[in-house]
**Student:** 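Have a look at this one.
Chain A is the first sequence line, chain B the second, and so forth, proteins listed ahead of strands; every chain is numbered from 1. Side-chain atoms are counted along with the backbone in the values below, which use heavy atoms only and exclude waters and symmetry mates.
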2 protein chains.
Amino acid sequence: MIDKQSPIPIYHQLEEYIKQLIESGILKPDEAIPSEREYSEQYQISRMTVRQALNNLVNDGYLYRQKGRGTFVNKQKVEQKLQGLTSFTEDMKERGLVPSSRLISFEIIPAEPQLARKLDIKENTPVYEIKRVRMADNLPMALETTCLPANLVKGLTEEIINKSLYQHIEEKLSLTISEATQQIEASIAKETEVNHLQVESGSPVLLIVRTSFLEDGTPFELVKSAYRADRYKFVHTMQRATK
Amino acid sequence: MIDKQSPIPIYHQLEEYIKQLIESGILKPDEAIPSEREYSEQYQISRMTVRQALNNLVNDGYLYRQKGRGTFVNKQKVEQKLQGLTSFTEDMKERGLVPSSRLISFEIIPAEPQLARKLDIKENTPVYEIKRVRMADNLPMALETTCLPANLVKGLTEEIINKSLYQHIEEKLSLTISEATQQIEASIAKETEVNHLQVESGSPVLLIVRTSFLEDGTPFELVKSAYRADRYKFVHTMQRATK
DNA sequence: TCTTTCAACTGGTATAGACATCTAAATCCA
DNA sequence: TGGATTTAGATGTCTATACCAGTTGAAAGA
């Protein structure tokens, strides 16, 4: 279990070991794990080394401590992933649905003033505009419009879009999206949305507008989505700033 | 600077001291701070104690380390606020609006099965239920229902609610909310919402259901809000998981 | 039977020292 | 001059030990 000769630090080995027990469900939420002194004696390692492992797991949210009582397993954070940036595809997979898309239009257009401002480019700079109906288990889920500055992602084709736009961006262009802002509001489906989403007129939709940024802060894309309110719920976890 | 006789842990004193230097701008981003051994000798404390202080500051994002080179000051985080948990009051203030409330009802009720499950308590356990119309600049903004297990916040009064529920929770009861999950969806205003929010029937509303948790993972409150879609937009910043 | 006391746990704080590994500057040598 | 080597100093890992402070349950006492 613990190999003192390994070049991998002992605390890290213990960390991975405990993490595995939690993720596999052998250690259940609110269950106490062995005390620091027990680990120390069992593996013949210093208590401080055990503490280093446990501290990391506490910081990562796997465990919590109670002075005088012990160290306990935290409830699994399902949302850990959701905290990150999720594409429609990843989002649907996580919900256990099969994602698919139908391309509606794909063209290069000059950026309108509002779009130009949000992408921090000059007016009329060419941008790719991709309109798609996003589906889950073959049912329309959202109408999505993606806008990307053409100079950042040259040579985009329908084929690439249909395969995986994000994979292409990350692997082929080696660009990394590090941050995003989302604005979420409720509305009533407009006519195009009624048509493409196959809802009755007057139906509520959840509008999500996402602006993504690269590591250096350059705006990279603007994605506007209108989700069918009867099928989609946006879930989101926040952690308080530790002040 | 460092008082060894103080009941406040030494590592915590050092932590606050360095944090202050960073926040006041005396230590600038990417600047190296004194080495661990320097702190150790200067204040006659163990290097491990210094490391505990620095580790905490690294975890909180104030510092970063480079093996063999030193420890450096991180860039200030802008998004800290949005990432944190915001009450309606804080939210509105940040938007430059004046928040107020009108209490609709305040009672102790037995928890229904669904509520009990979400708050992880037994059915029919007494909970406080607070219904309020939340207003911004004296215009109805949202209809909000807050449910709290009565055993966690004994002796709640109308007066406390009208003053500041969160302040009471943090300062008087010394409970800390460390995490929250939110579910956001779009809907059409129901009758009570139409009445209290003064919207036309058929108007869209943004529904936000928030569950807050204490540091040990205990569910603490469930807040259901229906926002007027024409007045409210939910904004939210995400950072990609650093893997 | 009920209450109090206390011992045996728990994690929290702190020390002093050892060796490893990495970095960058100084030094040496061809 | 230019490249290799040494070296000083930085963080990283780990040990062994000590005492503090909160929790709990069993033993002792009323």
**Student:** Considering heavy-atom distances to DNA chain D, does A:I8 or A:G68 have its closest nucleotide positioned more toward the 5' end?
**Tutor:** A:I8
**Student:** Can you see whether A:N55 engages A:R65 through a side-chain donor-acceptor pair at a distance of less than 3.5 angstrom?
**Tutor:** yes
**Student:** Would you find more than 12 non-hydrogen atoms of other residues, nucleotides or ligands less than 6.0 Å from B:E159 atom CD?
**Tutor:** no
**Student:** Between B:S101 and B:R132, is any side-chain donor less than 3.5 angstrom from a side-chain acceptor?
**Tutor:** no
**Student:** If I take atom CG in residue B:L57 and atom P in nucleotide D:dT11, what distance separates them, rounded to the nearest angstrom?
**Tutor:** 14 Å
**Student:** Need one value for A:E38: base, sugar-phosphate or nothing, where a base atom within 4.0 Å counts as base even if backbone is also close, heavy atoms only.
**Tutor:** sugar-phosphate
**Student:** If you look at every strand shown and take non-hydrogen atoms under 4.0 Å, does B:L54 touch a base, only sugar-phosphate, or nothing?
**Tutor:** nothing
**Student:** Students should find this one: the first and last nucleotides of DNA chain C, 5' to 3', lying under 4.0 Å from a heavy atom of chain B. What are they?
**Tutor:** C:dT13 to C:dA24
**Student:** Using heavy-atom distances to pick each residue's nearest nucleotide on DNA chain D, tell me which of A:I45 and A:K67 is more 5'.
**Tutor:** A:I45
**Student:** So do A:Q182 and A:F234 actually touch side chain to side chain, heavy atoms under 4.5 Å?
**Tutor:** yes
**Student:** Strictly distance-based, threshold 3.5 Å: is any side-chain N or O of A:S24 a donor or acceptor partner for the main-chain N or O of A:Q20?
**Tutor:** yes
**Student:** D:dT15 phosphate, OP1 or OP2: any side-chain N/O from A:K4 under 4.0 angstrom?
**Tutor:** yes
**Student:** Between the side-chain atoms of B:R37 and the base atoms of D:dT11, is any donor-acceptor pair under 3.5 Å?
**Tutor:** yes
**Student:** Tell me whether the side-chain N/O atoms of A:Q66 come closer than 4.0 Å to OP1 or OP2 in D:dG22.
**Tutor:** no
**Student:** For B:R69 and D:dA8, what is the distance between atoms CZ and C1' respectively, to the nearest whole Å?
**Tutor:** 16 Å
**Student:** Using heavy-atom distances to pick each residue's nearest nucleotide on DNA chain C, tell me which of A:M48 and A:T71 is more 5'.
**Tutor:** A:T71
**Student:** Please tell me if the side chains of B:I22 and B:Y62 come closer than 4.5 Å, counting only heavy atoms from C-beta onward.
**Tutor:** yes
